[in-house]
Amino acid sequence: MKTPITVSITGAAGQIGYAILFRLASGFVFGPDQPVNLRLIEIEPGLPALQGVVMELEDCAFPLLNEVVATTDLDEGFKGANWALLIGSVPRKKGMERSDLLGINGKIFTGQGEAIARSAAEDVRVLVVGNPCNTNALIAMNNAAGISSDRFFAMTRLDENRAKSQLATKAGVHCSDVTNLCIWGNHSATQYPDFTNAKIGGKPVTEVITDREWLEGEFIKTVQQRGAAIIAARGASSAASAANAALDTVKSLITPTPEGDWHSVAICSDGSYGIEKGLMASMPIRTKADGSWEVVQGVPVCEFSQGKIDATINELKEEKEAVQGLIPA
Ligand code: NAX
């Protein structure tokens, strides 16, 4: 038997947790011969529900599920983790300012970053889903002494998938025909789904969809506001599609990217595309054959795109400023 991969998940009893655990345990991500350990982390009030989820995992009798641990203790939860999926966080409540949310959730991610540094495996990779995910990832990364910054990611894949689906519907093709779609910047309403470099069936999107007004207007707005539209329709925020996007992200980071394509995920900027070094910003990423990743260089940025990228990067700078007290000097 192969050595099991250990995946730690925070917020495991939440909506996204419920939609992600069973697919992780089934072998969807790491393959049909790769055993998995799940270490599920919740806060005290979430524990009874988590016990129920553990019972359901047992009742699936998954052949690849080696061990399940449910805990509120961070060191126990991140022990030996090869992947840490940081999903749990406090949702924004009525009357709460964005800065309040940044402060409340920020504190969660200092402790989690420290515990990951103490207890996870040496090769740990951390994907932050809990919002505001870019800045939460920034905080976790800066509090995880000794773990290199290239092991931290924040999720913008749901936005990429949403954008691909919108373009495919407009063009009357299948979404798998849409490639080279990059989400730039923040997972927020300022994100920029870059249609100028995206392709449909290998052709520039702008040649296939000639309605430029739609691309610059309704398309971008629909992608930016999709989360709110789901809440309005479902009465709850997106969960299954968010879980799916998190699994897509992990898969894309462990599988070489098809030649010429890229995928979207927020990483710690090295200054590429003039994006301030150290910000967690989404940009075009390729996974190499050796399993490491790189920023795809030389993607053209036109004046329209630059304006959109500047706006979303400025928001990330403001968020960073607001949580400066949570980032060790
Ligand atoms: P739920 O409220 O259903 O679940 C969150 C769970 O996290 C709860 O069970 C709660 O007890 C737990 N939790 C809270 N604080 C915790 C802590 N300190 N340690 C461990 N567990 C903790 O939310 P859900 O719908 O699952 O969403 C989770 C997060 O994903 C939210 O922050 C949400 O905003 C974010 N999202 C991010 C997306 C992205 O694309 N990056 C899209 C979907 C989603 O909105």
Side-chain angles (χ1 to χ4, degrees), residues 8-21 39-54 69-78 81 84-93 96 98 101-116 126-140 143 152-163 183 185-191 193 223-232 234-250 264-266 280-282 319:
S8 298
I9 297 117
T10 70
Q15 291 200 90
I16 298 176
Y18 193 69
I20 209 169
L21 298 179
R39 303 188 79 86
L40 312 179
I41 304 170
E42 261 294 344
I43 45 175
E44 210 66 47
L47 265 191
L50 187 59
Q51 294 304 344
V53 177
V54 171
V69 171
T71 182
T72 57
D73 182 273
L74 293 179
D75 287 292
E76 173 73 2
F78 291 122
L85 308 181
L86 308 187
I87 298 172
S89 67
V90 176
R92 190 166 170 175
K93 297 190 186 100
M96 213 189 245
R98 196 173 170 83
L101 187 69
L102 280 165
I104 293 168
N105 280 320
K107 288 192 198 100
I108 296 176
F109 289 85
T110 54
Q112 292 185 354
E114 289 165 2
I116 288 169
V126 182
L127 174 64
V128 180
V129 175
N131 279 323
C133 64
N134 298 56
T135 298
N136 288 341
L138 178 92
I139 295 166
N143 284 278
F152 285 82
F153 309 91
M155 186 167 97
T156 53
R157 182 58 167 268
L158 180 54
D159 309 302
E160 176 188 323
N161 289 348
R162 286 166 170 169
I183 302 292
N186 202 1
H187 167 69
S188 76
T190 66
Q191 62 170 281
V223 177
Q224 289 174 338
Q225 301 293 338
R226 187 71 164 180
I230 304 248
I231 293 174
R234 213 173 79 86
S237 58
S238 28
S241 56
N244 181 66
L247 300 178
D248 278 353
T249 308
V250 173
S264 307
V265 62
M280 290 298 293
S282 183
E319 287 187 11

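Positions are given from 1, in the same order as the sequence printed here. Both counts, for ligands and for their atoms, begin at 1 and track the order of listing. Because only heavy atoms are used, hydrogens play no part in the values below, and waters and symmetry mates are left out as well, while side chains stay in.
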Chemist: What protein heavy atom lies closest to atom 19 (N) of ligand 1? Include the residue and the distance to one decimal.
Modeler: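 Among all protein heavy atoms, the one nearest atom 19 (N) of ligand 1 is Q112 NE2, 3.6 Å.
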Chemist: Only pairs under 3.5 Å count here: list side-chain donor-acceptor contacts from residues 241-248, not counting sequence neighbours, and write none if there are none.
Modeler:
{"residue": "N244", "atom": "OD1", "partner": "R23", "partner atom": "NH1", "Å": "3.0"}
{"residue": "N244", "atom": "OD1", "partner": "R23", "partner atom": "NH2", "Å": "3.2"}
{"residue": "D248", "atom": "OD2", "partner": "N161", "partner atom": "ND2", "Å": "3.1"}

Chemist: N131 to ligand 1: N or O pair under 3.5 Å?
Modeler: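 Among all N and O atoms of N131, at least one is under 3.5 Å from an N or O of ligand 1.
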Chemist: Compute the shortest N/O to N/O distance between A13 and ligand 1 and return yes if it is under 3.5 Å, no if not.
Modeler: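 N/O-N/O distance below 3.5 Å does not exist for this pair.
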Chemist: Show the atoms of ligand 1 that are less than 4.0 angstrom away from any heavy atom in S237.
Modeler: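 Reading through ligand 1 atom by atom, the close ones are 25 (O).
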Chemist: If the contact criterion is a heavy-atom separation under 4.0 Å, does V90 count as touching ligand 1?
Modeler: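 Judged by the 4.0 Å heavy-atom criterion, V90 does not count as contacting ligand 1.
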Chemist: Tell me whether R157 reaches ligand 1 (any heavy atom closer than 4.0 angstrom to a ligand atom).
Modeler: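 Per 4.0 Å heavy-atom rule, R157 does not contact ligand 1.
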Chemist: Is atom 7 (O) of ligand 1 less than 4.0 angstrom from at least one protein heavy atom?
Modeler: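 So far as the 4.0 Å threshold goes, atom 7 (O) of ligand 1 is in reach of a protein heavy atom.
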Chemist: Is there a side-chain contact between V128 and F152 in this structure, where contact means two heavy atoms from C-beta onward sitting under 4.5 Å apart?
Modeler: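 No. Closest side-chain heavy atoms not under 4.5 Å.
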Chemist: Minimum heavy-atom separation for H187 and C133, please, with both atom names.
Modeler: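 That closest heavy-atom pairing would be CB-SG, 3.6 Å.
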Chemist: To check you understand the geometry: which heavy-atom pair defines the closest contact between F78 and A84, and what is its length?
Modeler: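 Where F78 meets A84 most closely, the heavy atoms are CE2-CB, 4.0 Å.
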Chemist: Decide yes or no for S237 and Q15: does some side-chain heavy atom of the first lie under 4.5 Å from some side-chain heavy atom of the second?
Modeler: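 In short, these two side chains touch, coming nearer than 4.5 Å.
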Chemist: Locate the shortest heavy-atom distance separating N186 from T190; write the atom from each residue and the value.
Modeler: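 Nearest heavy atoms, N186 then T190: CB-OG1, 4.0 Å.
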Chemist: Give the minimum heavy-atom separation between N105 and V90, together with the two atoms involved.
Modeler: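 So the minimum-distance heavy-atom pair works out to OD1-N, 2.8 Å.
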Chemist: How far is atom 3 (O) of ligand 1 from the closest protein heavy atom, and which atom is that?
Modeler: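 Nearest protein contact, heavy atoms only, for atom 3 (O) of ligand 1 is Q15 N, 2.9 Å.
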Chemist: Closest heavy-atom contact between L158 and S238?
Modeler: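 So the two residues come closest at CD2-OG, 4.1 Å.
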Chemist: What protein heavy atom is closest to atom 21 (N) of ligand 1, reported as residue, atom name and distance in Å?
Modeler: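 Heavy-atom neighbour on the protein nearest atom 21 (N) of ligand 1: G11 N, 3.3 Å.
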Chemist: Considering non-hydrogen atoms of the protein only, which is the closest contact for atom 30 (O) of ligand 1, and what is the distance?
Modeler: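 Closest protein heavy atom to atom 30 (O) of ligand 1: I16 CD1, 3.5 Å.
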Chemist: Return the residue, atom name and 0.1 Å-rounded distance of the protein heavy atom closest to atom 28 (C) of ligand 1.
Modeler: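 Answer for atom 28 (C) of ligand 1: I87 O, 3.3 Å.
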Chemist: Near L158, which atoms of ligand 1 are under 4.0 Å from a heavy atom of that residue?
Modeler: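 Those of ligand 1 that fall under 4.0 Å from L158 are 42 (C).
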Chemist: Mark up the atoms of ligand 1 that fall under 4.0 Å of a heavy atom belonging to I108, in ascending order.
Modeler: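 Selected atoms, number and element: 18 (N).
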Chemist: To the nearest 0.1 Å, how far is atom 16 (C) of ligand 1 from its closest protein heavy atom, and which atom is that?
Modeler: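 Nearest protein contact, heavy atoms only, for atom 16 (C) of ligand 1 is I43 CG2, 3.7 Å.
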Chemist: Would you say the side-chain atoms of Q225 pair up with the backbone N or O of A189, donor to acceptor, closer than 3.5 Å?
Modeler: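 Absent.
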Chemist: Nearest protein heavy-atom contact for atom 38 (C) of ligand 1: which residue, which atom, what distance?
Modeler: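 So the nearest neighbour among protein heavy atoms is H187 NE2, 3.6 Å.
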Chemist: Go through ligand 1 atom by atom and flag the ones less than 4.0 Å from a non-hydrogen atom of C133.
Modeler: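 Answer for ligand 1: 41 (N).
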Chemist: For atom 4 (O) of ligand 1, grab the closest protein heavy atom and report residue, atom and distance to one decimal in Å.
Modeler: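 Ranking protein heavy atoms by distance from atom 4 (O) of ligand 1, first comes G14 CA, 3.2 Å.
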Chemist: With a 4.0 Å heavy-atom cut-off (strictly under), which part of V129 contacts ligand 1: side chain, backbone, both or neither?
Modeler: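 It is both parts that get close, each with some atom under 4.0 Å.
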Chemist: Check each of T249, I9, T10, V129 against L85 using the side chain to side chain contact (heavy atoms under 4.5 Å, CB included) test, and report the only one that passes.
Modeler: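 With L85 as partner, side chain to side chain contact (heavy atoms under 4.5 Å, CB included) holds for just one option, I9.
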Chemist: Does ligand 1 have any atom that is closer than 4.0 Å to a heavy atom of S238?
Modeler: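 S238: in contact with ligand 1 (<4.0 Å).
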Chemist: Return the option from A154, A242, G88, A49 holding the heavy atom at the smallest distance from atom 13 (N) of ligand 1.
Modeler: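 It is G88 whose heavy atom sits nearest to atom 13 (N) of ligand 1.
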Chemist: Of the non-hydrogen atoms in G130 and N136, which two are nearest, and what is the gap between them?
Modeler: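 Of all heavy-atom pairs spanning G130 and N136, the closest is O-ND2, 2.9 Å.
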Chemist: Flag atom 36 (N) of ligand 1 as yes if some protein heavy-atom distance to it falls below 4.0 Å, otherwise no.
Modeler: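 Looking at atom 36 (N) of ligand 1, one finds that a protein heavy atom does lie closer than 4.0 Å.
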Chemist: Is the side chain of N134 donor-acceptor paired with the backbone N or O of M280 at a distance under 3.5 Å, no angle test?
Modeler: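 Pair found, side chain donor or acceptor close to backbone of M280.
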Chemist: Got a list of side-chain donor-acceptor pairs under 3.5 Å for residues 43-51, not counting sequence neighbours?
Modeler:
none

